[in-house]
Enquirer: 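This is the structure I want to talk about, given as structure tokens.
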Amino acid sequence: MSRMELRVPDIGNFSDVEIVDVLVKAGETIEVDTPLVTLETDKASMDVPATAAGTVTEVLVKRGDKVSKGSVLVRVDSAASAAAAAPAAAAVPPAAPPAAAPAPVAPAPAAPAPAARIEAKGDTVRMPAQKGGAAERAATDFNRETQLLVFGAGPGGYTAAFRAADLGLKVTLVERWPELGGVCLNVGCIPSKALLHAAKVIEDAEEMSERGIVFGAPEINLGKLRDWKTSVVRKLTSGLRVLARQRKVDVVQGSGRFVSPNVVEVMGTSGSQRIRFDQCIIAAGSEPIGLPGLPADPRVLDSTDALELPEFSGGMLVIGGGIIGLEMACVFDALGTKVSVVELTTQLMPGCDPDLVRPLERRIRARYQQILLGTKVSSIEAQPAGLRVSFAGEKAPAPQVFERVLVAVGRVPNGHSVGAELAGVKVSERGFIPVDRQMRTNVPHIFAIGDIAQPPMLAHKAMHEGKVAAEVAAGLKRAFDARVIPSVAYTDPEVAWVGLTETEAKEKGIKFAKGNFPWVANGRSLSLGREEGFTKLLFDPETHRVLGGGVVGSNAGELISEVALAIENGCDAADIGLTIHPHPTLSETVAGAAEAFEGTLTDLYLPKKK
């Protein structure tokens with residue numbers, strides 16, 4: 001056993017740098033490159049890696065201490081060093097003078113660490129990664145190296161990879177799908193929205209028959225519809241390929257798993273390879289939740305299967321009345337399928353305010369075969385004639401037979417499927433990887449973003465997190481500090497909300513006041529023949545600042561961004577109401593809701609409350 005001192009390497013033109021975090025403690029076993037402390041200058045934060053492996057016997061610094069080049073950080077007992085010293089000692093002749101005896105292995109001033117590289121912009125400091133000996137390198141066994149490995153190429157992953165490349169890092173992007181874009185682009189957000197647009201065209205044409213324009217029953221060519229959906233996806237994936245080439249991002253196709261804190265193994269069609277990284281961003285996403293006890297039958301679909309538009313003439317049961325289930329229900333209803341929806345809770349779209357859901361529920365109850373709330377699917381039996389579904393609940397109907405069953409009960413993060421534990425990364429029981437505001441995991445050089453990091457599981461949240469993680473990895477001072485994250489259901493009508501909800505406010509005892517504008521008083525919504533919607537805003541009763549808002553109606557997903565921006569900028573009701581909105585537009589309803597709260601609305605007569 002040999003005692004070693006691990007010191008601060010040359011960190012460029014810096015001295016008396018503050019320690020903002022100590023990342024190891026006595027008794028821990030560390031490897032080469034394990035981060036020991038985090039330093040912070042006025043320009044960047046940086047991790048100091050270990051230059052030797054062993055067991056930490058003493059930590060000589062604490063948070064708040066100032067250190068410079070050569071400062072001792074920790075003492076380590078290194079069994080490997082002792083073993084290497086023993087044979088060297090045996091080789092010395094007994095008569096050799098004491099001066100010829102092998103010197104104890106010490107902190108390696110004889111092989112000084114390479115200087116930290118300061119980026120051209122002056123705001124990024126990259127700590128040198130010490131290279132281990134031949135035995136240590138063989139133990140990690142890798143085929144290639146990279147500064148930053150991004151694990152997953154969905155919206156969060158490719159955003160992180162491209163941003164990091166723009167900041168000068170050598171980036172490797174690992175993706176299991178043949179094309180970049182992940183679940184969202186290939187079998188999620190984008191293809192589903194293409195099909196929802198097709199559904200809306202069908203429904204709009206049907207509704208115009210009541211207004212004097214009759215198109216007749218649509219002739220649906222599912223093959224061409226699938227091809228069009230695929231072409232939309234292909235345009236975006238090909239664009240991502242071009243962006244990756246332009247930024248010199250190295251793309252590796254295959255399924256990856258961690259094998260150590262600095263190595264990922266990727267299994268592709270041509271075999272496996274190991275990639276060693278200095279830093280890693282995990283953006284491995286999520287998978288659809290499967291229900292236990294379901295038959296292994298191709299007629300039981302998940303959302304990916306449903307996007308392929310299987311041809312059938314019987315009824316479809318959608319299990320799950322959340323956003324994914326209701327969006328796919330809209331598509332199949334427009335294509336002529338008899339749709340039923342079953343939801344375990346007593347409300348469609350759980351988590352959304354009930355008043356926002358009601359216009360949607362009224363519309364689809366008139367179109368769908370049935371909507372079963374507070375009802376559970378107790379069993380599904382595969383029969384030649386179809387899938388026999390049994391229900392449980394206070395108002396559960398008798399068993400029914402459906403030709404297809406779509407399971408859309410949510411998604412589960414992939415934290416347990418990527419071997420994150422082998423890298424020392426903590427993973428929750430549900431599969432989430434806890435992160436701090438810089439998107440760091442408990443292993444400081446490994447970040448996590450998107451579905452795998454924390455709810456909500458939304459692509460736009462992942463993209464913002466990806467930029468934060470990439471910028472922190474490049475040495476910039478960044479943190480994820482979004483006040484609100486909007487949610488949108490692209491149903492018909494659309495439902496969108498952001499910030500504080502009425503349900504949440506009542507549960508937490510938060511005081512609020514409300515402004516509400518019904519779309520029946522909006523000229524644009526009337527001209528669209530869709531006056532069932534409304535816009536509402538929640539305000540702080542004292543400051544009049546916007547706390548949250550919700551919209552139900554055509555293009556609600558576009559309108560909610562104005563509310564999100566108002567919250568982010570601390571706007572009050574007057575800021576919105578006094579902003580001139582173009583007329584006639586649906587955006588006027590946001591101003592109308594603010595004016596309703598302020599008491600300045602003229603589009604409706606709202607007697608003042610006494």
Side-chain angles (χ1 to χ4, degrees), residues 23 28-35 47 49-50 53 129 132 136-154 156-158 160-161 164 171-178 180 182-183 250-290 411-436 439-454 457 462 465-466 469 473:
L23 306 174
E28 284 189 1
T29 300
I30 62 173
E31 304 292 336
V32 174
D33 288 346
T34 297
D47 291 338
E136 291 167 332
R137 293 174 67 86
T140 54
D141 184 24
F142 52 90
N143 306 95
R144 63 170 78 184
E145 292 182 273
T146 189
Q147 287 181 310
L148 178 67
L149 185 140
V150 180
F151 202 153
Y158 71 70
V171 180
T172 299
L173 183 57
V174 175
E175 173 54 52
R176 58 179 172 158
W177 290 89
L180 301 183
V183 168
D250 187 17
V251 178
V252 178
Q253 197 268 317
S255 297
R257 286 182 61 85
F258 287 94
V259 296
S260 77
N262 286 90
V263 177
V264 159
E265 184 170 28
V266 181
M267 180 64 70
T269 55
S270 58
S272 68
Q273 60 179 308
R274 291 190 172 191
I275 306 172
R276 187 191 183 284
F277 55 83
D278 296 335
Q279 298 184 89
C280 176
I281 298 175
I282 306 174
S286 60
E287 296 291 333
I289 295 176
R411 300 183 67 85
V412 59
N414 285 327
H416 290 298
S417 64
V418 297
E421 296 91 342
L422 295 176
V425 175
K426 292 180 180 177
V427 183
S428 74
E429 185 177 345
R430 294 175 59 195
F432 288 106
I433 296 177
V435 294
D436 62 15
M439 311 314 298
R440 292 184 190 269
T441 69
N442 62 298
V443 179
H445 69 282
I446 298 179
F447 304 78
I449 63 172
D451 290 3
I452 209 167
Q454 56 196 353
M457 294 183 178
E465 290 175 338

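Just so it is clear, the model here is predicted, and its values are computed rather than measured.
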Enquirer: If only atom types and distance count, is the side chain of Gln279 paired as donor or acceptor with the main-chain N or O of Ala473 below 3.5 Å?
Expert: yes
Enquirer: As an exercise, state the distance from CD of Glu31 to CG of Asn262, rounded to the nearest 0.5 Å.
Expert: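 One finds 9.5 Å between CD of Glu31 and CG of Asn262.
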Enquirer: Can you list the steps and then say if Thr172 with Val252 is a side-chain contact (heavy atoms from CB on, under 4.5 Å)?
Expert: CA-CA 7 Å; Thr172 299; Val252 178; 3.8 Å; yes
Enquirer: In sequence, state the C-alpha distance, the side-chain angles, and the governing distance for Phe432 and Lys426, and then conclude on side-chain contact (heavy atoms from CB on, under 4.5 Å).
Expert: CA-CA 9 Å; Phe432 288 106; Lys426 292 180 180 177; over 6 Å; no
Enquirer: Does any part of the side chain of Ile275, heavy atoms only, come nearer than 4.5 Å to the side chain of Val174, both counted from C-beta?
Expert: yes
Enquirer: Can you list the residues that meet the side-chain contact (heavy atoms from CB on, under 4.5 Å) rule with Ala462, with sequence neighbours excluded?
Expert: none
Enquirer: Apply side-chain contact (heavy atoms from CB on, under 4.5 Å) to residues Gln273 and Arg144 and explain how you reach the verdict.
Expert: CA-CA 8 Å; Gln273 60 179 308; Arg144 63 170 78 184; 3.0 Å; yes
Enquirer: Between Phe151 and Val418, does a side-chain contact (heavy atoms from CB on, under 4.5 Å) hold up when you go through it step by step?
Expert: CA-CA 9 Å; Phe151 202 153; Val418 297; 4.1 Å; yes
Enquirer: Is the side chain of His416 donor-acceptor paired with the backbone N or O of Arg430 at a distance under 3.5 Å, no angle test?
Expert: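 Not confirmed, His416 side chain does not pair with Arg430 backbone.
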Enquirer: Counting distance only, does the side-chain N/O of Thr146 pair as donor-acceptor with the main-chain N or O of Leu149 below 3.5 Å?
Expert: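 A pair under 3.5 Å: no.
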Enquirer: Side chain of Asn442, backbone of Gly424: donor and acceptor closer than 3.5 Å?
Expert: yes
Enquirer: Counting C-beta onward and ignoring hydrogens, is there a side-chain heavy-atom pair between Pro261 and His445 closer than 4.5 Å?
Expert: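 Of all side-chain heavy-atom pairs linking His445 with Pro261, at least one is under 4.5 Å.
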Enquirer: Within the structure provided, determine whether Ile433 and Val425 are in side-chain contact (heavy-atom separation under 4.5 Å).
Expert: yes
Enquirer: Can you tell me how far the OG atom of Ser286 sits from the CE atom of Met457, to the nearest 0.5 Å?
Expert: 5.0 Å
Enquirer: Ignoring hydrogens and geometry, is there a side-chain-to-backbone donor-acceptor pair from Arg257 to Val264 under 3.5 Å?
Expert: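 Absent.
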Enquirer: Report yes if the side chains of Gln454 and Glu465 come closer than 4.5 Å at any heavy-atom pair, otherwise no.
Expert: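 Yes; the side chains approach each other to less than 4.5 Å.
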Enquirer: Check whether any side-chain heavy atom of Ile281 lies under 4.5 Å from a side-chain heavy atom of Ile449, and answer yes or no.
Expert: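 Yes. Closest side-chain heavy atoms under 4.5 Å.
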Enquirer: When you measure from the side chain of Asn143 to the backbone of Arg274, do you find a donor-acceptor pair of N or O atoms at a distance under 3.5 Å?
Expert: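 Yes, the answer is positive, given that a donor and an acceptor are paired below the 3.5 Å cut-off.
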Enquirer: So, the side chain of Asp436 versus the backbone of Met439: is there a donor-acceptor pair under 3.5 Å, distance only?
Expert: yes
Enquirer: Less than 4.5 Å apart, any side-chain heavy atom of Val183 and any of Trp177?
Expert: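 In short, these two side chains touch, coming nearer than 4.5 Å.
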Enquirer: Among residues at least two apart in sequence or on other chains, which ones pass side-chain hydrogen bond (donor to acceptor under 3.5 Å, both in side chains) with Arg176?
Expert: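 Per chain and number, Arg176 pairs via side-chain hydrogen bond (donor to acceptor under 3.5 Å, both in side chains) with Glu287.
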Enquirer: Contact between Glu421 and Val427 at the side-chain level, heavy atoms closer than 4.5 Å - yes or no?
Expert: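 Sidechains of Val427 and Glu421: in contact.
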Enquirer: What distance separates Ser428 OG from Ile452 CD1, expressed to the nearest 0.5 Å?
Expert: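 Spacing of OG (Ser428) from CD1 (Ile452) equals 10.0 Å.
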Enquirer: Name the orientation class of the two ring planes belonging to Phe258 and Phe277 (parallel below 30°, tilted from 30 to 60°, perpendicular beyond 60°).
Expert: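 The arrangement is perpendicular - the two ring planes meet at more than 60°.
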Enquirer: I need the minimum non-hydrogen distance between Ile446 and Ala423, along with the two atoms involved.
Expert: CD1-CB, 3.9 Å
Enquirer: For residues Asp250 and Leu173, determine if any side-chain heavy atom of one lies less than 4.5 Å from a side-chain heavy atom of the other.
Expert: no
